[in-house]
Protein chains: 2
Amino acid sequence: MSKQNLGDTIIRNAAELFRKQGYKATSIKQIANASDCTTAALYYYFEGGKAEILETVMQRMAPDQLLPEEKRALPDTLAEFFEIRTNLMKSNMPQLAERVRWLLMELANLSEEDKAPFQRQLLGIQAEMQKSLGAYVEDETLARQVSWVMFCSMFGYQQLVVMMGLQDESGLDPDNYVEAVRNVIFKDLLHLEKRVDHE
Amino acid sequence: MSKQNLGDTIIRNAAELFRKQGYKATSIKQIANASDCTTAALYYYFEGGKAEILETVMQRMAPDQLLPEEKRALPDTLAEFFEIRTNLMKSNMPQLAERVRWLLMELANLSEEDKAPFQRQLLGIQAEMQKSLGAYVEDETLARQVSWVMFCSMFGYQQLVVMMGLQDESGLDPDNYVEAVRNVIFKDLLHLEKRVDHE
DNA sequence: GTCTATAAGCGGATAGAC
DNA sequence: GTCTATCCGCTTATAGAC
């Protein structure tokens with residue numbers, strides 16, 4: 001938590017600047033100023049310059065640790081499951097939305113190869129959701145469809161409403177939206193209990 | 001359709017470059033090259049330079065004419081309505097997703113005042129959808145919730161799946177996704193017919 | 001209207017002092 | 001390890017010729 005070494009400080013500051021302004025719009029001078037050093041010092045820690053700084057930041061911005069292990073347990077009813085997962089989302093909301101927005105922005109400039117790990121992580125989130133839903137929902141196709149619509153819908157809410165600033169005008173705060181999702185997507189499923197049939 | 005005046009050509013080319021690379025990453029030299037003129041010529045048409053070019057492009061990128069007037073008619077059943085609207089979305093898909101992504105990118109750098117017209121347009125799209133749904137769905141709250149979840153979900157699909165390149169890996173093409181939305185969000189509503197009670 | 005030429009400055013990057 | 005000094009290239013922007 002303390003100052004740590006300069007290399008770490010550089011990455012933390014770069015991450016914030018990249019997130020706020022984008023990679024291209026951030027100069028190494030800005031990163032140096034924020035880190036209380038000169039641009040030359042950046043090159044001591046990151047020979048590859050700005051590009052290597054981005055690479056390092058990318059690794060820390062990865063969306064893989066989005067869901068803490070202890071939160072992946074499956075409660076007895078889908079209603080509880082829905083509660084836990086949406087609360088997790090709500091509590092991470094502004095920061096999560098910002099990170100996701102940044103990823104969406106910068107991914108466009110990456111090669112297919114560099115994109116791949118991020119894509120795999122995103123697909124992993126959906127897969128985990130689908131698998132969890134499968135513990136309650138018998139119909140596999142339905143579990144898949146619900147998980148995707150849920151995933152896209154939450155992603156859309158974050159970017160469209162939160163990041164584009166529609167929240168105030170629409171009065172659609174996270175609680176309202178989760179309520180809408182519960183009512184529209186999950187209404188017929190919430191009574192379902194955990195299945196123990198196979199496995 | 002023809003060459004028109006240079007000012008128009010500049011804006012069209014700038015719009016394409018901004019959309020592909022972002023505002024900051026596009027130089028006026030690139031715009032000039034694409035428009036077969038020099039940077040000095042840009043300043044003849046846009047004294048304000050790059051910033052004024054952006055302003056002009058912004059006006060043309062506005063999402064207000066997204067839904068042609070003739071498509072706003074309400075068919076007899078919600079099933080038909082769903083069909084027409086989702087087909088419209090599918091047929092516009094790659095271009096629409098790109099424009100929306102650009103808007104999301106650049107909006108972050110705008111002042112609250114400059115953002116306002118875009119926000120109003122987006123809210124208008126949702127409002128129109130809610131109003132249309134209201135012609136079939138009696139419960140006003142439900143119409144509102146469905147329209148928002150639908151809007152966010154479609155937005156999310158565009159950006160998450162289409163723009164972030166998850167389509168191939170997930171096998172979730174637009175047809176699949178619309179099918180999922182139909183099954184998950186609209187399943188209990190599709191039998192509804194147009195109400196003529198009030199009005 | 002559109003060009004050439006050029007000013008002024010910022011960006012990324014490096015060499016060498018300490 | 002970190003700084004000063006500096007290089008080069010590119011960008012925005014303008015003045016003045018045609």
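Hydrogens, waters and symmetry mates play no part in the numbers below; they use all other heavy atoms, side chains included. First the proteins, then the strands, lettered A, B, ... as listed; each starts at 1.
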Quiz item: With sequence neighbours left out, which residue pairs that include part of residues 68-116 of chain A fulfil the ring-ring contact (aromatic ring centres under 6.0 Å, His included) condition?
Solution: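 Of all non-adjacent pairs touching residues 68-116 of chain A, those that pass ring-ring contact (aromatic ring centres under 6.0 Å, His included) are F81(A)-Y136(A), F82(A)-F186(A).
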
Exercise. Enumerate the residue pairs fulfilling ring-ring contact (aromatic ring centres under 6.0 Å, His included) with a member in residues 21-43 of chain A, sequence neighbours excluded, ordered by first and then second residue.
Key: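 Those involving residues 21-43 of chain A are F18(A)-Y23(A).
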
Results of side-chain contact (heavy atoms from CB on, under 4.5 Å) for [X] - residues two or more places apart only:
X       : value
A34(A)  : N13(A), L17(A)
N109(A) : E106(A)
E193(B) : T77(B)

Self-check item: Closest approach of C37(A) to L42(A) (non-hydrogen atoms, all atoms of both residues)
Solution: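 So the minimum-distance heavy-atom pair works out to SG-CD2, 4.2 Å.
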
Self-check item: Close approaches to DNA chain D from residues 38-56 of chain B, in residue order (heavy atom, under 4.0 Å)
Solution: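 Of all residues in residues 38-56 of chain B, the ones placing a heavy atom under 4.0 Å from DNA chain D are T39(B), A40(B), Y43(B), G49(B), K50(B).
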
Show me the side-chain donor-acceptor pairs of residues 155-168 of chain A shorter than 3.5 Å, one per line, residues at least two apart or across chains.
residue: Y157(A); atom: OH; partner: L172(A); partner atom: O; Å: 2.9
residue: Q159(A); atom: NE2; partner: A97(A); partner atom: O; Å: 3.1

Exercise. Using chain A heavy atoms and a threshold of under 4.0 Å, write down where along DNA chain C the contacts begin and end, 5' to 3'.
Key: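 From 5' to 3', the first and last contacting nucleotides are dG11(C) to dA15(C).
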
Exercise. Could you tell me which residues satisfy salt bridge (charged side-chain N to carboxylate O under 4.0 Å, His left out) with R101(A), sequence neighbours excluded, listed by chain and number?
Key: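 Here no residue qualifies.
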
Quiz item: Which pairs pass salt bridge (Lys or Arg N to Asp or Glu O under 4.0 Å) with one or both residues in residues 125-134 of chain A, sequence neighbours excluded?
Solution: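 Checked against salt bridge (Lys or Arg N to Asp or Glu O under 4.0 Å) - neighbours excluded - the pairs reaching residues 125-134 of chain A are R85(A)-E128(A).
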
Quiz prompt | Residue pairs passing the salt bridge (Lys or Arg N to Asp or Glu O under 4.0 Å) test where at least one lies in residues 13-22 of chain B, sequence neighbours excluded | solution =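 Listed by first then second residue: E16(B)-K20(B), R19(B)-E98(B).
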
Quiz item: Residues from residues 19-29 of chain B sitting under 4.0 Å of DNA chain C, heavy atoms only?
Solution: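 Of all residues in residues 19-29 of chain B, none places a heavy atom under 4.0 Å from DNA chain C.
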
